Structure formats: C-alpha cells, structure tokens
Amino acid sequence: MIINDSKPWTGLAWAVLKWSTIIGVLIGFVPAALSLLSGNTISVNGTAIGGWTGVWIVTLACGLGGFLFGAIWALVLRAIAIASGR
C-alpha cells in the first residue's frame with residue numbers, strides 16, 4: 001500500500017526525533033547515576049569529573065547524540081513526506 005498523504009510521515013518524523021532524544025537521555029542518565037551511586041568517578045577524556053556534574057555531562061552528551069540521530073532520521077522521513085505529497 002502506498003501512502004499518498006504526507007501527514008503520517010511528518011508525524012512519524014516528529015515521533016522519531018522525540019523518542020530518540022528521550023532514549024538518548026535515559027541511556028546517559030541511568031548508567032551514569034548508577035555509577036555515581038556505586039562510588040565511581042566519571043571520566044571524560046581522561047579528566048575525572050566528580051559528583052552530579054559528571055552525571056549531567058554524560059546525560060547531556062548522550063541526549064545530544066540521541067537528538068542528532070533522531071534529526072537525521074526525521075530529515076529522511078520528511079523527505080519521504082515531501083515525495084509522497086506530490
């Protein structure tokens with residue numbers, strides 16, 4: 001079945017962007033928080049970052065990675081939406 005309307009693709013693009021970002025944040029926060037709670041120090045490029053600052057840096061980095069992953073797929077899905085709208 002061919003979708004002739006671009007609305008489903010546009011909705012899917014926003015969903016992919018949203019869920020990729022949320023999953024990226026969770027992938028960063030949960031292991032970093034558990035690592036901190038177990039007494040470990042988070043190291044970024046060989047620099048030790050102690051406390052919750054390290055957790056938030058890892059969370060931000062993974063969230064940004066998830067956002068960029070989702071943005072790439074959102075652009076692909078938007079291109080499909082433009083193509084299906086014609």
Side-chain angles (χ1 to χ4, degrees):
M1 174 184 241
I2 297 174
I3 299 174
N4 292 326
D5 189 13
S6 64
K7 289 182 183 179
W9 293 110
T10 304
L12 183 60
W14 283 111
V16 165
L17 181 62
K18 176 180 72 172
W19 286 108
S20 294
T21 304
I22 289 171
I23 290 171
V25 167
L26 288 175
I27 286 175
F29 180 76
V30 172
L34 291 174
S35 177
L36 176 69
L37 294 175
S38 67
N40 296 324
T41 301
I42 295 172
S43 176
V44 178
N45 288 334
T47 304
I49 302 173
W52 285 100
T53 304
V55 172
W56 292 118
I57 288 174
V58 171
T59 301
L60 178 68
C62 291
L64 181 62
F67 176 78
L68 293 175
F69 178 82
I72 290 168
W73 278 105
L75 287 174
V76 169
L77 293 170
R78 290 285 294 161
I80 293 172
I82 291 169
S84 68
R86 294 181 180 191

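Source: prediction; values computed, not measured.
A donor-acceptor distance shorter than 3.5 angstrom exists from the side chain of S38 to the backbone of S35, with no hydrogens or angles considered.
The hydrophobic clustering, which links ILVMFWY residues whose side-chain heavy atoms are closer than 4.5 Å, places F69 and V16 together. L36 and I57 fall within the same hydrophobic cluster, defined by Ile, Leu, Val, Met, Phe, Trp and Tyr side-chain heavy atoms under 4.5 Å apart, directly or through other members. The hydrophobic cluster containing W52 does not contain L60, counting ILVMFWY residues as joined when their side-chain heavy atoms lie under 4.5 angstrom apart, directly or transitively.
Scanning all heavy atoms of the two residues, the minimum distance from V58 to G28 falls at CG1-O, 3.6 Å. Heavy-atom minimum distance, C62 versus G24: CB-O, 3.2 Å. When every heavy atom of T59 is checked against every heavy atom of F29, the shortest pair comes out as OG1-CA, 3.3 Å. For the pair T10 and A81, the tightest heavy-atom approach, listed with the atom from each and the gap, is OG1-CB, 3.8 Å.
The side chain to side chain contact (heavy atoms under 4.5 Å, CB included) search around L68 returns L64, not counting sequence neighbours.
Here the CZ atom belonging to F67 is positioned 10.5 Å from the CD1 atom belonging to I72, to the nearest 0.5 angstrom. A distance of 5.0 Å separates CD1 of I80 from CH2 of W9, quoted to the nearest 0.5 Å. Within the model, atoms CD1 of I42 and CH2 of W56 stand 11.0 Å from one another, a figure rounded to the nearest 0.5 Å. Once rounded to the nearest 0.5 Å, the distance linking CD1 of I22 with CH2 of W19 reads 4.5 Å. Here the straight-line distance linking atom OG1 of T21 with atom CG of L17 works out to 4.5 Å at 0.5 Å rounding. Note that CG of L77 and CD1 of I82 are 11.5 Å apart. Values are rounded to the nearest 0.5 Å.
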